[in-house]
Q: 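This is the structure I want to talk about, given as structure tokens.
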Amino acid sequence: MQDIPFESVLPGLYDKNNHYGCAYIGETRFAGSGAVEVVSPNDGLVFACIETAAQKQINIVVESARQAYQQWSSVPAPKRGELVRLFAGQLRKFKEPLARIITLEAGKPLQESLGEVQELIDVCDFAVGLSRQLYGLTIATERVNHRMMEQWHPIGPVLVITAFNFPMAVWGWNAALALVCGNSLIWKPSSQCPLSALACHALLLAAIDEFGGNRALSSVVFGGKPQVEMLVDNKNIALVSATGSCAMGRAVGTRVAARMGRSLLELGGNNAMILCPSADLELAVRAITFSALGTSGQRCTTLRRLFVEQTIKENIITKLQAVYATVKIGDPFDQQNLMGPVINQQAVDVMLASIKAAVAQGGKLLAGGQVVTDKKGFYITPAIIEIDAQAEIVQKETFAPLLYIHSYHCLEQAVKEQNSVDQGLSSAIFTRDISEAELFLSAKGSDCGIANVNIGTSGAEIGGAFGGEKDTGGGRESGSDAWKNYMRRCTNTINYGSELPLAQGISFELPENI
Ligand code: UN1
């Protein structure tokens with residue numbers, strides 16, 4: 001196993017036996033039950049054990065987050081930004097060891113892990129600026145001597161549920177914004193990535209100490225479905241922000257809605273690219289390859305469906321086959337390798353099952369799909385399958401490096417087929433024809449939350465709102481005005497006159513003698 005300098009990143013939380021608790025409030029560790037072993041996808045070896053939280057510990061965490069919120073919400077927003085600025089400083093200092101933790105736990109190539117830590121730093125910088133920009137509107141009122149405006153106030157503890165594939169950055173999108181918005185944090189990370197969570201938590205605690213704040217602003221809870229249910233059912237959690245599969249999001253969203261709570265969902269994608277004849281094919285091949293097999297096809301933005309105009313189909317298939325044959329797969333710490341493992345044996349099995357189903361449904365395997373047998377860990381070669389866009393298997397997201405190719409003859413038809421799946425996260429078109437590009441971006445074009453021209457479906461910057469439509473859950477995180485999710489809007493109408501005019505011109509005159 002690689003030497004990861006945990007001790008430097010997890011001051012006070014590091015356990016020499018690699019045995020961690022079930023929950024952490026600040027630096028306080030709570031003991032839970034059981035001991036779930038966590039295995040690195042790189043070599044199949046156990047690198048940590050985590051315990052599981054019960055209702056009792058979860059109640060303590062939520063109550064402590066509620067109290068921390070009450071204090072924090074009255075700190076002026078630009079001062080709250082100062083805490084996030086200090087946190088970004090810690091992240092910069094520990095960028096490399098943090099990336100190594102991601103690579104150990106999630107199996108991402110080190111370059112991509114460094115990119116993920118950078119994404120976390122970027123969103124912190126963004127949030128610092130935002131802490132002076134949490135503005136509301138002043139709106140014209142129909143009444144004389146009145147003023148109408150809106151204010152944005154903090155909402156309360158924010159629960160952030162994250163997946164294994166972006167074990168730091170996606171929490172960061174939520175955490176940085178939630179903090180400047182005046183809220184406290186509870187993090188339920190993927191059980192696959194406990195150290196990523198504890199490392200970020202530890203560095204946030206260091207920043208809180210530097211700031212002179214309350215360590216209970218940040219807590220971490222480990223566990224699975226039962227722990228998620230206990231957390232999301234708790235009325236003191238003001239916002240549940242969940243990233244993961246559509247099935248998980250549907251279950252969480254429904255529970256939160258049942259108690260009239262607020263949720264922010266960033267769920268599965270089944271992302272497509274349309275490749276037009278006028279496209280720069282060299283550029284397109286690079287974008288397709290990064291989007292389809294980067295992070296071993298385990299991004300929610302991964303390219304899964306490629307629509308190629310029929311006259312360029314054979315050409316693009318030949319090019320992709322050549323590139324796929326050269327992609328080096330192996331230990332993600334070795335920078336020669338462009339692709340690491342998939343997350344576990346189940347992911348290998350799911351990919352193999354999807355390939356089998358696709359072939360049974362008329363698909364033709366054009367590349368990859370072989371388990372790499374000379375390595376410990378969960379390695380598989382990225383696959384390309386040519387198949388009908390309506391095939392049943394194509395409608396679902398297989399979280400693996402599996403790309404489906406479809407041909408098309410008319411752009412309108414390709415857009416229609418692209419939009420025909422249940423998910424609606426990311427999409428792209430490659431073209432040099434402005435009419436094609438604008439059609440794709442128009443209301444008649446892509447129905448996704450993200451639509452790109454001449455870049456791939458993955459690798460979004462933090463400055464834009466991130467999320468998607470339909471079964472992707474409708475949430476928007478990270479940039480633009482996503483901060484509004486972490487605040488409540490209060491509309492204020494102020495009468496500074498000496499009359500009481502009613503809106504809509506209603507007359508309500510009381511008798512003179514009262
Ligand atoms: C995810 O896979 O959940 O756009 C997030 C991207 C990254 C974020 C992916 N910036 O691919």
Side-chain angles (χ1 to χ4, degrees), residues 9-14 20-31 53 56-91 93-94 120 123-125 127-128 130-132 134 152-162 168 171-189 194 196-222 231 234-241 483 485-488:
V9 193
L10 300 172
L13 300 182
Y14 178 65
Y20 294 87
C22 72
Y24 291 77
I25 301 175
E27 75 291 1
T28 309
R29 168 189 169 143
F30 288 78
K56 194 174 82 187
Q57 289 107 11
I58 283 176
N59 291 347
I60 296 172
V61 168
V62 178
E63 177 52 21
S64 140
R66 194 188 62 80
Q67 288 176 18
Y69 155 73
Q70 282 182 336
Q71 246 179 351
W72 184 239
S73 58
S74 55
V75 174
K79 288 217 161 59
R80 301 193 296 243
E82 172 65 7
L83 168 62
V84 177
R85 194 183 66 77
L86 294 169
F87 180 44
Q90 293 287 341
L91 295 169
K93 199 159 119 199
F94 290 102
L120 173 53
V123 78
C124 287
D125 289 354
V128 175
L130 204 57
S131 70
R132 291 182 182 269
L134 303 173
W152 292 86
H153 297 306
I155 46 170
V158 173
L159 169 65
V160 186
I161 301 171
T162 54
M168 293 187 188
W171 168 79
W173 295 348
N174 289 279
L177 265 54
L179 283 174
V180 298
C181 290
N183 306 311
S184 56
L185 300 168
I186 302 171
W187 186 358
K188 210 311 270 165
S196 292
L198 286 180
C200 291
H201 172 69
L203 294 180
L204 179 53
L205 296 186
I208 291 172
D209 288 350
E210 236 181 298
F211 179 82
N214 179 354
R215 289 185 143 210
L217 267 180
S218 174
S219 36
V220 176
V221 177
F222 294 129
L231 284 163
N234 193 312
K235 276 201 136 191
N236 283 321
I237 289 179
L239 172 69
V240 177
S241 175
W483 60 269
N485 289 298
Y486 307 85
M487 303 201 90
R488 66 182 172 85

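Every heavy atom of this structure was used, including side-chain atoms; hydrogens, water molecules and symmetry mates were not. Sequence positions, counted from 1, serve as the residue numbers for this chain.
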Q: Would you please test E82 and K79 for salt bridge (Lys or Arg N to Asp or Glu O under 4.0 Å) and show each step?
A: CA-CA 5 Å; E82 172 65 7; K79 288 217 161 59; over 6 Å; no
Q: Under the side-chain hydrogen bond (donor to acceptor under 3.5 Å, both in side chains) test, which residues partner D125, sequence neighbours left out?
A: R92
Q: Which residues pass the side chain to side chain contact (heavy atoms under 4.5 Å, CB included) test with K93, not counting sequence neighbours?
A: Q90
Q: I need the I237 CD1 to I155 CD1 distance, nearest 0.5 Å.
A: 11.0 Å
Q: We want to know whether Q71 and Q67 form a side-chain donor-acceptor pair, criterion being a heavy-atom distance below 3.5 angstrom.
A: no
Q: Under the side chain to side chain contact (heavy atoms under 4.5 Å, CB included) test, which residues partner S184, sequence neighbours left out?
A: A65, A68, Y69, P157, L217
Q: Rounded to the nearest 0.5 Å, what's the gap from CG on N174 to CG on L179? Could you check?
A: 10.5 Å
Q: Only one of N214, I25, T28 forms a side chain to side chain contact (heavy atoms under 4.5 Å, CB included) with S64, so which one is it?
A: I25
Q: Given side chains that start at C-beta, do those of Y486 and L134 come closer than 4.5 Å, heavy atoms only?
A: no
Q: What are the two closest heavy atoms between I208 and R215, and how far apart are they?
A: CG2-N, 3.9 Å
Q: Ignoring hydrogens, what is the shortest heavy-atom contact between W171 and C200? Give both atom names and the distance.
A: CZ3-CB, 3.5 Å
Q: With rounding to the nearest 0.5 angstrom, report the CZ to CD1 distance, F30 to I58.
A: 11.5 Å
Q: For residues Y20 and L10, determine if any side-chain heavy atom of one lies less than 4.5 Å from a side-chain heavy atom of the other.
A: yes
Q: Assign the ring pair W483 / W152 to parallel, tilted or perpendicular, where the plane angle (0 to 90°) is split at 30° and 60°.
A: perpendicular
Q: With heavy-atom distances below 4.5 Å as the criterion, would you say the side chains of N234 and L159 are in contact?
A: no
Q: Is there a side-chain contact between L83 and W72, using heavy atoms and a 4.5 Å cut-off?
A: yes
Q: Which value, rounded to the nearest 0.5 Å, describes the distance between F87 atom CZ and L120 atom CG?
A: 5.5 Å
Q: Please report the closest heavy-atom contact between V9 and A202, naming both atoms and the distance.
A: O-CB, 3.5 Å
Q: State, to 0.1 Å, how close K188 and F222 come at their nearest heavy-atom pair, and which atoms those are.
A: CD-C, 4.4 Å
Q: Is L231 close to I161 at the side-chain level, that is, under 4.5 Å between some pair of heavy atoms?
A: no
Q: Which heavy atom of Q57 sits nearest to which heavy atom of A31, and what is that distance?
A: NE2-O, 3.0 Å
Q: Just so I know, are the side chains of R80 and S131 near enough to count as touching, which here means a heavy-atom distance under 4.5 Å?
A: no
Q: For a quick test of reading the model, state the closest non-hydrogen atom pair linking S219 to V61 and the distance between them.
A: OG-CG1, 3.5 Å
Q: I'd like to check P154 versus M487 (side-chain heavy atoms, cut-off strictly below 4.5 Å). Are they in contact?
A: yes
Q: Could you grab the distance from atom CD of E27 to atom CG of D209, nearest 0.5 Å is fine?
A: 8.0 Å
Q: Taking the side chain as C-beta and beyond, is there a heavy-atom pair between L177 and N183 under 4.5 Å?
A: no
